[in-house]
Each structure stands twice: as C-alpha cells, then as structure tokens.
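What follows is a single structure, written as structure tokens, with notes after it.
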Amino acid sequence: MLRGFSPFGDYPYHAIFDECFTPLQFTTLHGRRAELVVAIDGPAGAGKSSVARAVAEKLGFTYLDSGAMYRCVALTCLDWGADPDRSGEATSTAESIEISFDGPEVMIDGVDVSEEIRTPEVSEAASKVAVHPGVRAAMVTEQRRLIEAGRYVAEGRDIGTVVSPDSPLKVFLTATPEVRAERRAGQTGGDATEIRAAQDERDRRDTARVHGALKAADDAVEIDTSDLALDEVVTRVADLAAERGLA
Ligand code: DC
C-alpha cells in the first residue's frame, strides 16, 4: 500500500472498498477482516439452538453450537476419569482432544458423540468445565478458527462478548426460568421441578464465573421468547439480519 498518499491515512484502501461495496464482508477500523457472525447468546432453554439453526438455514450460513464443544470436554473428562471441577485436569483434557462438526454430527477425535453429549450428567459436567479459564481459552481459540473461515450463526454464552465482539448482529435471547424449564421437560420428558433446580444451579455458574460469563453484549438486541413461537423469533432475527445487510 502507498503510505502517505491515502486521504484515509494508514487505513487501507481495500478495507474502505470492502466496507462500501460488499455488505457480506466486514472490516474493523484497523483494516483487519472480521468474521461474519450472527451471535446468538442466552441461557439454556431460551430457544437459542432452534432459533440459531433455523436462522442459519434461512441466511445460508453455517450453524455453530459452541455449547456442544464444552459438552465434548465434559464427556471426555467423565470418560477419562478427570475431575470437571479441577482446572488443570479439565484444561489438559480440553487441549488433548480434537472437536469437529459434520453437519449436525459432533465428533471427538473423529468419533460421533452427538447423543452422548446430551445426557444430564454431561450437562452438569459441561457447566463445571466451562468455569475454567484454560478450558475457555482452548474453546474460544478453536471457535475463532472455525468462524474466520466463513459465515456463521454461532450460539452460546459469550459469542457476542468474547468470541466475536465485532459481530454485525448480536442477539440475546431470554425467557422466564419457568418457561425454560418447561421447554426442557417437554424436550427430554424429565421432571420439570428437577430440571428447574439443575437449571438454577447452571445459571448461577454461568453468570457468576469470571471469564466468559453469560451476559448480553452492550449492543445486543434482547428478545424475550417466553410468549413467542419459534417461527416468530426466527422471523424477528432474520428481519434484523436483513436490516443490517446480512441477508
Ligand atoms: O448451550 P449448552 O447447554 O449446550 O451449553 C453447555 C454448557 O456449556 C453450559 O453449561 C454453558 C457452557 N457454555 C459456555 O460456557 N459458553 C458457551 N459459549 C457455550 C456454552
């Protein structure tokens, strides 16, 4: 680049060109190409997975379930006899496995674990391993590596705040604790009171942890899904994406 001749100083021409003419590519103020990610965060049971999957399909983006990655670490800890509460054991487990996705399938070192990672034991252990900074660092690095290669709808707890703070659209989904527990009970056939107790405990861990705590980004659009049908939420998010030139 010809430094000293640009009316924009060191800000590269190609970045300005991208910002003006290609709405599907974004650059930061420093000219670094930013990922194109619709970030959907919120607590368990707020409808993130169903909404993110449907929005990804509508926009032709790839869906990333970041929670599945914490679940993979948890499942491996349980399989290997590592203690999910111990930072060192959980972190070295996280650093020792390769997590990959093939459509809806989630794999650890090439083995399909899509079903095993959904048990209540793994949910509990996932919420424990997600507290450790070393585990989070390994997952965030991997998530950033995945999303920089394409256009994603990524869901989790810290996508808009940590993983992809430059996302052009951040959505924070909420619902009352009662509605969230009832939805989970409807999906799993479990007892709503027990599910509510486990959910309260996981909410407490998710919001209280120091790194990657569950919270809305300052510029996130909050949607309370308690009284909304799935397709209403999907339409709302897809409309927001269209307003921002992403669709
Ligand atoms: O969304 P989920 O229930 O599959 O997530 C499993 C656990 O992983 C949950 O306890 C929260 C944690 N998690 C996280 O800490 N950060 C994310 N981006 C996604 C999930």
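Counting starts at 1 for both ligands and their atoms, in listed order. Basis for what follows: all heavy atoms, side chains included, without hydrogens, waters or symmetry-related copies.
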Item checked: ligand 1 atoms in contact with D158 (distance to a heavy atom under 4.0 Å) -> 16 (N), 17 (C), 18 (N)

Notebook entry, point to check: What heavy-atom pair brings A56 and T62 nearest, and what distance separates the two atoms?
Noted result: CB-C, 4.2 Å

Note to self: Give the atom numbers and elements of ligand 1 that come within less than 4.0 Å of a heavy atom of S127.
What the structure shows: 10 (O)

Check: Between K48 and ligand 1, does any nitrogen or oxygen pair lie at a separation below 3.5 Å?
Finding: no

Item checked: Under-4.0 Å heavy-atom contact with ligand 1, by part of D206 that carries it -> side chain

Note to self: So that I can tick it off, tell me whether R144 and E148 are bridged by a salt bridge, with the cut-off set at under 4.0 angstrom between side-chain N and carboxylate O.
What the structure shows: no

Next item on the list: List the closest protein heavy-atom neighbour of atom 3 (O) of ligand 1: residue, atom name, distance to the nearest 0.1 Å.
Entry: R71 NH2, 3.1 Å

Note to self: I need the atoms of ligand 1 closer than 4.0 Å to a non-hydrogen atom of G156, numbered in the order shown.
What the structure shows: 18 (N), 19 (C)

Margin query: For the backbone of V37 and the side chain of S167, can you confirm whether one donor and one acceptor N or O come within less than 3.5 Å of each other?
Written below: yes

Note to self: Using a 4.0 Å cut-off to any heavy atom of A130, which atoms of ligand 1 qualify?
What the structure shows: 12 (C), 15 (O)

Next item on the list: Could you tell me the residue and atom name of the protein heavy atom closest to atom 7 (C) of ligand 1, and the distance to it rounded to 0.1 Å?
Entry: A126 CB, 3.8 Å

Margin query: So for Q143, does at least one of its heavy atoms come nearer than 4.0 angstrom to any atom of ligand 1?
Written below: no

Notebook entry, point to check: Can E57 and R53 be counted as an ion pair, charged N to O under 4.0 angstrom?
Noted result: no

Check: With a 3.5 Å cut-off and no angle check, do the side chains of Y63 and E155 form a donor-acceptor pair?
Finding: yes

Next item on the list: Answer yes if the side chains of Q187 and R184 hold a donor-acceptor pair under 3.5 Å, and no otherwise.
Entry: yes

Item checked: For atom 19 (C) of ligand 1, the protein heavy atom that lies nearest, with its residue and separation -> S66 OG, 3.4 Å

Notebook entry, point to check: Charged N to carboxylate O under 4.0 angstrom, R71 versus D65?
Noted result: no

Checklist line | Region of M69 engaging ligand 1 - heavy atom pairs below 4.0 Å | finding: neither

Item checked: Atom indices of ligand 1 within 4.0 angstrom of R209 heavy atoms, with elements -> 14 (C), 15 (O), 16 (N)

Next item on the list: Identify which of R157, H211, R184 has a heavy atom lying nearest to atom 9 (C) of ligand 1.
Entry: R157

Notebook entry, point to check: Please state which protein non-hydrogen atom is closest to atom 8 (O) of ligand 1 and give its distance, to 0.1 Å?
Noted result: Y70 CB, 3.5 Å

Margin query: Is any side-chain heavy atom of V237 closer than 4.5 Å to one of I223?
Written below: yes

Checklist line | D200 and R204 ion-paired at < 4.0 Å | finding: no

Notebook entry, point to check: Heavy atoms, side chains only, cut-off 4.5 Å: are R151 and L59 in contact?
Noted result: no

Item checked: Taking atom 20 (C) of ligand 1 as the reference point, the nearest protein heavy atom with its distance -> G67 CA, 3.5 Å

Check: What atoms of ligand 1 come within less than 4.0 Å of a heavy atom belonging to R136?
Finding: 14 (C), 15 (O), 16 (N)

